[in-house]
Structures are given as structure tokens and as C-alpha cells.
Amino acid sequence: MEPSINITSISYIRVLLIPVGPLKKTTFFKHVKLVKEFSELKLGDVTPDMKKGAGGRHRFLSPVRRASFESIIALLRRFSWNFDCLNAFRIHILAMFSSQVFQEGQLHFQFLTSYSRDHAFLEDFQMQRRVFGVIGIMDCQEWKDGDLSQGYTKFLGMLEKYPTAIATRCFAFDPNENQPDTTKGLIMIPNVGNMSFYMSTMICDFASELLSEFSTLVSIRINVIVMLLAYYKNSPLAHRLGTIYSHRAELMNCRSFATFHTSVVDLFFTTKASAIEQRVYIESPNPFNLAQSPSIPPQGFNSASSISIKPPTPLSINPPDISPKSPTSVGIIGPAPTASFSSTFMKRAVTAPNRGATLTVTSEGSPTPGPGAITRSFSSSNLSGPLSPLPGDARLRKRTPGRIVKLIADLYLLSGRLPDAVNSYNQAIDITRNNSDYIWLASAMEGLVCSTLLLEYLHADIGIISRRPNTPPDPPGSPIKEQAPPPNSPKPTLVDIPEKYFTILSYYAKNTSSQSTPTPPIIYIEGCLKVARFLATVYRCGGWGDKTLGMLTQGKVLESNNNDMADGINVTASKWEQSLKSKNSGVLKYDIAGWVMRAWTAQVENLSTTDQIHVTTAMASLLSVVGYRRKHAFLLRQSVLMILPLLIQTRTAMGTNPVSGHGAMGQNSVNGGTNANILKADMGVLGCLREICEVYGIRVNMVVYVVLKFPYAGQGDEEEDFKEGDDRDFKTSFPGGALHQSGWPKLQIDILRECITISEALPDYAAQLHYTTLLLKKLYRYIPKDEQFKLASSIPRIVAAGKKAGQVESDVRYWGVNVVKAIEIVKQIHRKVPYAHPLGPQDNVLSAAQDGDPFIYNPFSKKAANDDKVRCRNFTKIFRNDTYIPEGLLVTNELAEFKVSLMNPFAFDLELQSITLSTIGAPFVTTPATTVIPANGFINVRLTGTPTHPGIMTIRGCNIKISGCREEEFLLDSNKMDRLRGKKTEEFKSVSGVVKLKKSGLGAIEDPRKEARHKAQKIQFLEVEVIPEQPLLKVKSTSLLHGAIMLYDGELVHMGIRLENIGTISVDFITLSFSDSTTTTQLATNPELPPEDVYEIELFTKATHVFSWEGQHREDTQIIGKMVDLPVGGEWEVIVNVYGKRGCTGGTIQVDYGYLDRPIVNSEASPGSIVSTPKNFYTRQLFLPVLITVHQNLEPLNWDILYLRSAENQSLDLRAGDLVQQGGGIDESTTKCQHPVETLLAMTRNGEVKEKNEYCLATLDVRNVWTVSFDVEFMVDNNYPEHSKGDDTVTSVSSVTTIQPGSTKRIVLPIKRLFLSPDYTKQPIPSLQLNKQFVVAKGPRYPPDQERQRLQMFWYREELLRRVTARWRCHPTNRHGVLYLRPSLRLTSLQLNILKIDDIEFEVELSSGNATDYHIDRMGHKKFRCPVNYFVEMTVGVVNRRGEYYQKRKVTNDPCCNQSAKLCLRVQPVQSYNDGAKEYDLSGKMVWQGLLQVVLPEIPPHGGRVTHRLPLCFVSRGHFEFLYHVEDVATRQVFYDHEWAIVEAVE
Amino acid sequence: MGSSFYLVIVGSRDDPVYEADLGPSSKAPPVPEGTKKEESKHLNQFIIHSALDIVEEVQWNTTATYLKVVDKFNEFLISAFVSAGNTKFMLLHDTKSEDSIKTFFHEVHELYLKVLMNPFYEVNHPITNTHFDSKVRLIAKRLL
């Protein structure tokens, strides 16, 4: 069967085009193409029977009536055995197929280049199967020297193989001018002028001959039948017949007839002579039967063996080389070669008498001509037909006329005389139906369908068609229910044809079931496919119409569409239109698929292999047209599987005997074309495989990992395809991508295995390699280990074989998945890491914090003004703000390391013979490495290289040479890498947003490919900046021993660090920064701590630095940049101070250095414009760790603050307070105003007693916890501005004490009492932490007066600590340091009261008033002695000193400075006994006048004074004390005087 | 009865999400003559795969999720059910029993939905849940 079976294909006249060698393949096909242009020929164009006209043998050119045919029928019906009569009608018959009758009709040629005899047994059943014409094609260029006639002879010789050919031509193309056109029968076609016109003439001529020969054929046929009938009736008649026909043969000069004749004659004799034991069913006049179907061939058809040698693909030229065998095997002794067509026909004919049947005339009594009469006459006899089958021969006899009519109708159809064909078919249908000859009936119906369709195409007059309804009504129970539809309305045709075919198929099936001769499945299948193709064509064309009809009749457009589908399945816009059109066609896809699958169910497996292949291919192509790609693939796979054994067979045959292989290819195959044929055929199969793979979700990009040597031209496109595919593949194959696969793994494995087997059988090593690798690459997850191993080990074998065959070049490309999973830059060692410092304007973060913004980052704050003019070259400033370690920075001329992660997902080891980085951009010298990735393993490899120039370097991936493969670049998308790490980039999100389309099935499978392509453009590689060369320093030496230092608490030492430049360029900038263990591991401050404590902790951690540079202890000396000039190889020393901070265990000195003022290279590149300055400058760091041990040597304890009261017993005090060592060894320079403490004490005590004592005493114990003695020097700075009254005032004291190891000494310090303004003490406790986010304090909250107290305490303490400093010195070691007093000092409120000077001051005076007779002794400050029984007057003066501070500073506008006080004074006298007891009840001991509690008038500020007089009289002796205090009326604040007045009453 | 059933849940990329041979006899249904044994190893799968074409067409012509018998291959029938998420439930069977298959599909779908609700399950990934498997088999035993 033909793969392109069509509903109208029964109207095609098969013409075989054969090359008459020698001929180039391309030339042949060029000519074939030319000839094929004339496959459609209008009957009107056909040359009127020239031969007859010229020869003048027949003068029956008058238009033939249609009646002629009917008359023949009538004749036959009459069976009148009158040979004269028969002769008379022969004239009519000869003109039956004249082209002049139905001018609109068309001839359809089906030009074949190959012809298989497989279905020869059907040729008498379906005329169109026969090869009616043979056209030889010669190329004159090949016969330049030779005689063309030889070629023609050769052609004639070839013709013998095609006995059915009734018309032959031999065209010789491209003749030279000098080549003589002498050979008779050979037609020279010059390659000049309008060739197509010339050709069309030739073809028309050919057609004309063909038509005339049809007539002959019919006549022969009729004659033969008559003859046979006659033979049956009366044997001797045959002899007469024989003579008649031999004579005729001479006359007609008809080759085919001659052949036929001889065979007939021979047959007659042979049958008589010998008994042919052929198993031909007598009751089956059909030219075939199932038992003799090709799978179990009769001797004549050695189909299985002969077919298998042939390349089975339809493209191959496949000359039938088997025909000669058949007659011999049948055993006909006659002039060879005998036509096989006739042999079967004859067999039947001949074997009929063997069964000893005698034919009788079927219907004797009704010789009425005309179709109606026939019907009637037959219908009567038909009634009993199916019910009581006649004996075989009788039935055959009965049926034969119908069959003849059908065959004639076939010929009418072929010759384009459609009206006649319709009529004949109708008649045939009638007859066969009456005879229950279902198979012929069905066949006739097919013909009818075809001819009506063609008529519709030609828009032939309805009159002819409208006759059809006049055909006799169906017998009851016919499946055709609807005969009514108007024939020319389009839709019904669409409905009608499938319905008709449904009936046809049911008839075929009926035949199979009811008759002993089943219908050959091929016919049934062809029927199914015809409908399917018909529907598919309508579907593709989008409905019924002229175009559709045209396509149907030509059957070509569909083919081309088909090819489109096979080529690429890209859904283009046109395809969408197509699908839309298809949707409106009114044909449902699954209807088409249903018809197609009906063919499958009809026992395809009973067909011959070739037919099976053809059927499945045809089915597959149809399904592909409707877009059922899975089914298409399924069937395609089936057909490929069928081809497979044939392939293997062929290959083995070729392998053992190449000559025979060539023989199988065909003897007439064009020279040198054999190999190309094979390859082309292979490509066909491979193409199929590719398509199958696509559908099953295996993305076959045709990534061929070997370079193919294409032995034939025209593969350029494909090669490009490979490249593209290759690139894409490597770009997109990424760890994440392969995880989710589409498709059905089990099926995919199956398919790929089959692909491998097939390509092995071909053998196409490239494809085999490809599929092997694909299987490994895509589906390794589902393949067991041993098979993976087998596959992997087969690859080198395939390559070797391929190399041998020349298909594969030596270097195989790597095939597997991308092994490179990640590339990272290995961080350099610390001292080599370059740190970037932006040179541009600074960020707004810090500035915001400095402005006092409560928010660390304020997005609304204005960005720092970008002032270009002031380009900050102050590196120090920049340096502090933002330093960062840029990622992926390489330094020119320094070795860089990369960590490459490699993965091997396979179950076998991958050996990497070399792996290097693949980079573009800045030049980079890489060092190759080798490694082995273990099976299912993951390894990291370090690759090194050196960038040679600054710039941007892009790392594309790795160049890897895997053993056995070519070196390949494995790309790596850094985007995906980020994604793997969980960084969702914006880009990724947007991309994924695009991708989210609802697609399923094959659409989804194909979609990722586009997506991948889309992504491939966006591939992002790892980019690395290569910065210019950087200097390198090292610490050559330090003054420390083993980098460790021991310090006493508070000690300050210097250490020296010597740096050396070991790099290649000089250093011009160095800066130091420090960190120590106390700052790096900060104490977590408890937020609930009171702020004083927090301040204390902060002061310790933040404000006390272990390290400082250049001897300075200020805050900003912590980090300092310095421009230096340190040439290559030079050295430089830095001195760093180290302070012994308690709790510090170590620290790090960090040296940042760089080369900043490098010349800008590209300055002349853009002379006019501003030189673009680099964005960043880079420094490197050097770290010097220092181990620090801090020992506590001195411990201050037990602070106290005491009143310093004027006392009588001075000498005792002095002795007791042996505090001072005269002439202590404190530095002379620092103690300019040094006074011994006791002098001070003495001075203060012995000062004017009247004056209030300004001093208090601070005492503390200092314990020496170390093992050597320390000298401690305390310095008290009593100097503060508001108290500097005179030059002689002692403002500063210092004392030196030596404390022996283990001992404790009490230190007494006279401290001037302090006065801090209330506003000052109201300040909140400061925080040392910059950038501290404002939070609501969580600490304990106090009532306002307590809060005030606390603040006061804080500020007084701060002041005290400011004034009192202490240093220590160790004489033996000459070490010195500071004694840290802070932690030990805690003020209590009592101490505070002593320390501070109150606002309100009391002055007490005792006077005798106006009396002069007694004297009141003033013994000291507020100490009096008075006689008893005298009236004395006590004056209590209260001074309001508020605002004095401000007054002194001349600040008057402050509201605080005008605070007058309204006070209530209370005085309580008590008698104090020596034992300390106090007597409050003073009645009888003293008397006073007035109240002890009075409200004083308002006291103005700035030292305003109010005095209260209290007249007293002591009546008893004793020691009286007057206690007093005032209470502020408004604030209820009570002010006490710490020195109360003492009065000693004496006699 | 000797009928066998073969259920496949096909994801939207033609990939099998779940496969189960539910027939009373575990062996593959008889293969048509002429095809070799190893070729037909995955015949069921191949048949179902080829039937997807029709499902894709039929699903747009109906509002029902149960598509009934969509395809025939030799003596096998293929019933299909399409979920809202375009996941196809394909059942290969050789006896006609529309109602029970419909119920079967609906119950399997219910189960499938439960699997979908698992936050650790991603759509179109194979279902490896043994619970699901046993439940499906139970339903099959009950209904088919």
C-alpha cells in the first residue's frame, strides 16, 4: 500500500519513472521533479489519439456514445457467444477511453520512482494498483561517447519487469547538439526553450497512448472473460480463440496484449497438460485470498525474504527484482518473463476448470439492455443470494459480470471519464449487491465515492450526478439510511463520505465474516485511512470548500503540511491561525483519530512487515496532522520497531556480503547513490526517533557531541542546529533545572533504549552516541547503576567504531550534565585582603546620628550635600566612616584562588584530565588542575590563576577536559547560584512571573525550551573586579617579647612596631586602629541598671582605651591616618601606647595601609573632560595581636569624707595624722604648687576661726596588693575659678606616700568643699555611647527630689574625681602609672552633704548685747563661752547664697539667679553632758525670750541675709549646744548646719 | 473477574505523578500478537500516554471532570478524569462499568486533593505517600 493513501488515490494512474543508467541520482530526481509537474492533466489537453490517426488502422474516431458501454453489457448479458458480434463491439470498446468524450475530466498521474510487487495480487481487484506506464529517464550527458540506442535497449530490457505497463516512453534529457536523434522510440528532450511546454506535450502524448491502451485492456479483458466462459462451455472453442487472438495481436501491435496472449495460450496448453496444484479458491474470483497473503506467500511471492533485503523506507528506489521468479515458481512454462499480474489472474481462471465446474449462463432470458433492466433482472436472482449460497462455481459465474463492470468503472475513473465511471459504478454496485459480493460491492462504492468527489471538484454538471439518486433503492437492511442529501451542498458531502465509508467498511468486514474468502486486511485498513485522510484534509483546510476539494484530489497540500509538522513543532502565529481554522472545520479531531485507530484494530499484524510499516507510518502522519502527537509518536514508534529487524537483517547481510547488499539496494539504483540512499534512509528513521523523543518529553536538541562528517550535502542547517542546541544545552543545564523533569521516565527510558538499538543497527554511531548520552544524562536517576556503567563504558566503544566508520571525529564532546555547580573566590589571607573605601560623598547614616537625630537612620534627612569642589582627600575622615570588604576582588599580579564545586551525578567516576577557569575581560593566567569526581560525588577543587591587568573579569565557568572527551567550556550562571543560596533576586522573580503560564501536556514540555532560550540570553556570569597592584607590608619586629606584655593596673607603656614593605610598590598611607579584649567583648549593659552604673560601665569599656598612638590619649587618636613614604623594601617604626586597663587580656593593633596617590593612567584618554577618578581606594590590613596581662598593684578602698572642724588640740591631730613624708620623690615638674598636706591642714585649722572652714577631709585606704613597694602621689586640685580669691590661697596640694607590699595606708586629703550650681547638677547623666537609639529608660524611677539627689551625687562625684588624681611609681622598676580611683569611690548622701556647700548658710553669733560687765569668749567657729546668769543675745543669721554662682559669672537673666528664700527657722538648745548624753529639758537651766520657731522674712538671693535675735540667759553651768535648721516654706526643704553653735556656760 | 485496571495520575507535564496496577492479576494484560514481550513491557503506559491526546481535546468540550471512556486500544478502554488543576487521572481497563469508575475517580481525586494540601508536596511531583497508595488500592478493591 501507499503511505500516502488518499480517498481519491484510486483515480490515479500509476506511472513508474525509472532511471536508465548511468545516471546521477540528483539528475534523475531533477527530471523526476520536472515530470511530476504534469501529474494532473486535463482530458481536453490530451492529444487526440495520434497514433491511430497516423497509423490509420482504426477509423473509429467519431465520438463514442455512452451507449457503447451499455451495449457491451447487454452483449455480455446475453452471452451470445457470437464472435462476430464481439468483434463489432470491440470497435466501441477501443474508443471507450478516448479523451475527447469528457473534456472536463482530468487524468491524475501518480509518478512513482519505486514499485513493489507486494500487492500485485490486488491489481486485478483494484485496477489503480497496476503500473500502467513506464517512463525511462536518460541523461544524454552520461552517454556522450556511447550510443544512445544502447540506453534505449537497456530501457526496453528493463520494461520486461513491468508487464502491466501498457504505455512506455523513454525520455533522454539534455542531449548535446551533436548527439543524433536517431534512436527510434527514444524521445530527446533538449534543455532549451520552454521545457515545460515541451514536456507537457510529451506527457499528453503519453496520456493519449495510455487511454487508447485502456481500451485495449478492456477489450482484452472482456474477450478473455468471454473466452474463458467459452472455454468452459466448449473446449475446442479455445483453439479457435487462440488463433483469433494471435492474429489480433499482430494487428494491434500491442505488447501487453501479446504478452497476455502468449500467456493465455500457453496457459491453455499447460493447464491441459499438467495439473497445477495451486490452492486457489474456486469460488473466489478475487485475485487474492488471505491464505496467500504475503506473510505466508505462495512460492511465487517470496515476499518476506525479498522485502527484507530492501531498504524499507519509502524514499528508496525500489525496483521490483522479484517478478521474474514468480512465474517460474508457479510453474508456467512459457516465454519468460511472464507477467505476474496475468499469472494470478490466470491461476484463478485456470484452476476453475480443475474443480470440474461447468459454467452456465447466469440469466438466460433477459437480454434487455440498459441499466434498469439489468437491475431488475439481477434483483430477482439476488433474493436468494445470501441465504442460500450457490455452489462456488455457480456463484462465481453469477458474480463475474458485476466485477467486470466494476473493473471497467475503475478504468473509466482512471481515464477521467467520471460520468461514465459513476454510471458503471452504480451498475456494479447494483450487480454486486444483488450477488452479495460484498468485497466488490464495497470496492465499487469506494470508486463511486471517489468519482462523485472528483465530479464535485470539477463542478461537473449536476445532471450527471443527479442521476445517482435514480439508482435502485437499497436492499432492505442496508446501513446506508440517508441517500437524500443534495449532492452539491458541501456539508452533506462531508458527512456523507464517512457514512458511506462506514458502510463500505462494514461490507468489507461482512465479507470477512460471512464469506470463506475474507477481505484482505489491507483493503480494510486502506479504507479507514482514506476516510481519516479525507477528514484530516478537511480539518486542515478549515472546512469544506474548493480548496479542500483540490487538496483532496491532488493529495499534495496535505503532504506538505505534514512535512511541516514533522519538521518542527514550533507554535508560530500561522499555526495558531491554522488551529483556529481547523477548529471551525466541523471535523472533530477524535473522529479522525477514531478512523485512524480503526485501521489499527483491523489486525495490522496480519499484514506483511512492509505493509505494517506503511500502515503505521500513514496512521502516524495522519495523527500528526490533527495534532495528536502522542498517538502519532506511539505509532511512529511501532513502525520504527517494525523497521528495526529489517534493518538489522540488512546490515548483517551487507556486512557479510556487501555485493549482495548492493544488489538488494536495487540494480537500477543510480551509480554512487547507494550510500547516500542508506544515509538518507537512516536520517528518516532518525528523524522519526527524534520526533518520538520530543513527544515523550525527551528534549532532543540534536546535541551531537561529536563532529559529524556529513557525507552528503544539504546538512548545513542541521549543523547549525546542533551548535545552537549545544550552546543552549550547556547554558541551561544546571543543577536545579534537571530536578523537575517532564515526561514519563519509564517510557523515556524505553524509547531511548530503542533509539540506541536502532541507531546501532543502522549503524549511525553519532546518533547512537547521542542517544546513549541522552539516556545517561536525562534519566540517570532512573537507571540502575550497572546499566549506567554499561552505557558509560559503551561510549568509547561507539566512538571508536564511529571513528572507524568515519562518521565520528576523534574528539568527542562531553555529553553529560554540567558538572560545574559553583565557583567561588577563595578569600585571601587576612593581610592580603584589600579593603575598599569609597571616595565619594559619605552616606547619610552617620551624619544623621551626629545631628542628634533620635533615629540612627533617618530616611527623611537630607542626603549629605554632594559638593564636588571639596573633593575630600582627607583619607582619614573617609577611612573611619565606611570601610568594607568588597566581594570578589582580585589584585593584579597576585595569585588568586577559586573554589570550584564539581558534581558527578552518575554512578561512575568522571576523570577530569584538566580543568581551568574560563574567563573573559581582564587577562587572567590560569593554572590547570586535574581531578577525579567520584561516582555520585561532589568535590571542591581549588583553581588558581593570576590576573595580569586591572579591570573587570568575568568568570564564565570552567574549561574541562573529561577523559575521552574534548575540552569543553562549562558555563555557570551566577544568578542561579544565588538562587541556590536562597537569594531571590529581583530578576528571578520577574522571570518566574513570566513563566507562570498554565500549560499542560506537550505544551508544557515544549515550553521550558523557550523559557530556557529566553533565560539563556540573560545568563549572568560571576564578575570579578581586578584592582591595580597593592603594596604589602609585614611586621618586622616589635619591642615586645613574644608579643606579650605585663602591665600594672593603670600603667602606660610604649611599644614599638617596625613595619617593612615587602610588596612591589611603595606605601604612602598608613593608619592604625586598635581593638582590645574589653572593647571587643563588651559587657552587656543591663538596661535596668541605674544610669550612673551604666555610665560607669561605658566609661570603662568605651572611653578607656588600651592602645593609643603617638602618645596621645584623646578620643580621636584612636584611629589616625598618616601619609608616609615607605618605598619598596623600606622600614618604618610606629610607637603605640599601651595602657594597663583592668580586665584586659589582649588586643589587636590593626595597620591599614595603601598606595593612594597613584598616577591616573587614562588621563590622556579624555583630555577635555574631568578625569574619572576611581570610586574606591583600597587598603590592606596588618594585624598585630598583643597579649596583655594586667595586674592590680594598688587598691584604693574605704573612701570617706569628713568635716574638718577647727579643733583646739592641734598638736595631737598633727601627730596622729602622720600622713606626709616630707620631700617625697614626685616629679618636680608636675608639682609646682606642691604643699604637704599637714601644712594645709594646719593652715586651714589655724586660719581665722571666725571664718567658716572651706575644707573637708577625704580619706581613703590604699592597699598594696603587689609584692613591691609603690610610691603613691595624690594630687588635689582645689582650684576652681570662683574660689580663686587671692594669690596666696592654696589651691592645689599633693602628697606622696610609700606603701609597702601587703600594707595599707590611709590617705587623708583636704579637699575644698564644692559648690556646683543646681542647674549643673540637674543635667542628666551623659552616655558615652554614640549612635545610641533613644529608648524609654527602663531603669528604676525615682521621685523628683530623689532624682535630684542622685544627679547631684553623680555630678559631685565626677567633680571630686576630677580634682583628685593619683599616680604611682615603682622605684625599683621605674614603672609608673595612674591609680584608678573611680571604681572605689561611692558617695553616700551624708558624704555628699559634707562635700557640698549649701545654698543656705548659717551664721551664729553670741553677743552680750549692750552689757559690758561680762565678757563672752569666742572660742572658735561657733564656739562661745559665756557666764551664767547674764543675758546674752544669740544672733542667728541666715544667708541665701542662691544665685551667687551666677552673679559671679555676671549671669543675671537666668531665672535661677533670682531665687529668694522664705524660711522658717527652728532653734533647739540642748545640754550636752560629757558622757554624750543630751538633756533636752532645759527648764531651770536656761531661759530665752521669744519663740524658738520663727518664720523669717524673705531672704533675697545673692547673699541676702536675715538675722534672728534670741535673747538667752543661762541659769546653770554646762555645755549647751544649739541645734538649728531652717525649712523652706515653699519646698519644705530643710537646711541644716553641720556645725552647730556651742556655748559653754561658766560661772 | 479477570479484568485488570491500571491507574495513572498524570501531571501537567505528561509526567506520571502516581502509577498503580490495580488489576487482580499483577501481570500486564495480554499483548497483541506479533509484538515482542520486552517491547510491551510498558505497553500500559504507552497506551495511556497516547490517550492523553484525546483527553486534551475532550476536556475542553465538556464541563464534566469525568470524561468517560476516551480511547480504545485493542481491547483496552481508557477512562479519564481531569482535575481542576489539569491533572489527569487515567484508568486503563478492559470492562465497561462507567458508574463505578466515575465513583472511583472521584474518590481518588479526593485523596489526591489531600495530598495536594500537604505543604511539603509540590504539584507535579511524584506521590510517594504510602498511605495514599494503600487508600487508592482500597478504593479500587471496593469499587472496581
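Each chain gets a letter, A, B and so on, in the order its sequence line appears, and its residues count up from 1. These values consider heavy atoms only, across backbone and side chains, with no hydrogens, waters or symmetry-generated copies.
Contact of B:Val70 with chain A is not made at all, since no heavy-atom distance falls under 4.5 Å. Interface remark: B:Glu19 contributes side-chain atoms only to the contact with chain A (heavy atom separation under 4.5 Å).
Of all the listed residues (B:Asp71, B:Ile47, B:Val10, B:Val58), the one sharing the greatest number of non-hydrogen pairs under 4.5 Å with chain A is B:Asp71. With chain A as partner, the option from B:Asn61, B:Val8, B:Thr87 having the largest number of non-hydrogen pairs under 4.5 angstrom is B:Val8.
Look at A:Asp750 and A:Lys746 and you find no salt bridge, because none of the NZ, NE, NH1 or NH2 atoms lies under 4.0 Å from a carboxylate O.
Checked against the 6.0 Å centroid threshold, B:Phe81 and B:His109 count as a close aromatic pair. Checked against the 6.0 Å centroid criterion, the rings of A:Phe634 and B:His49 do not qualify as a close aromatic pair.
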Using the salt bridge (Lys or Arg N to Asp or Glu O under 4.0 Å) rule, take A:Arg630 and B:Asp53 through it: C-alpha gap first, then chi angles, then the decisive distance, then the call.
-> CA-CA 6 Å; A:Arg630 296 188 190 91; B:Asp53 271 329; 3.3 Å; yes
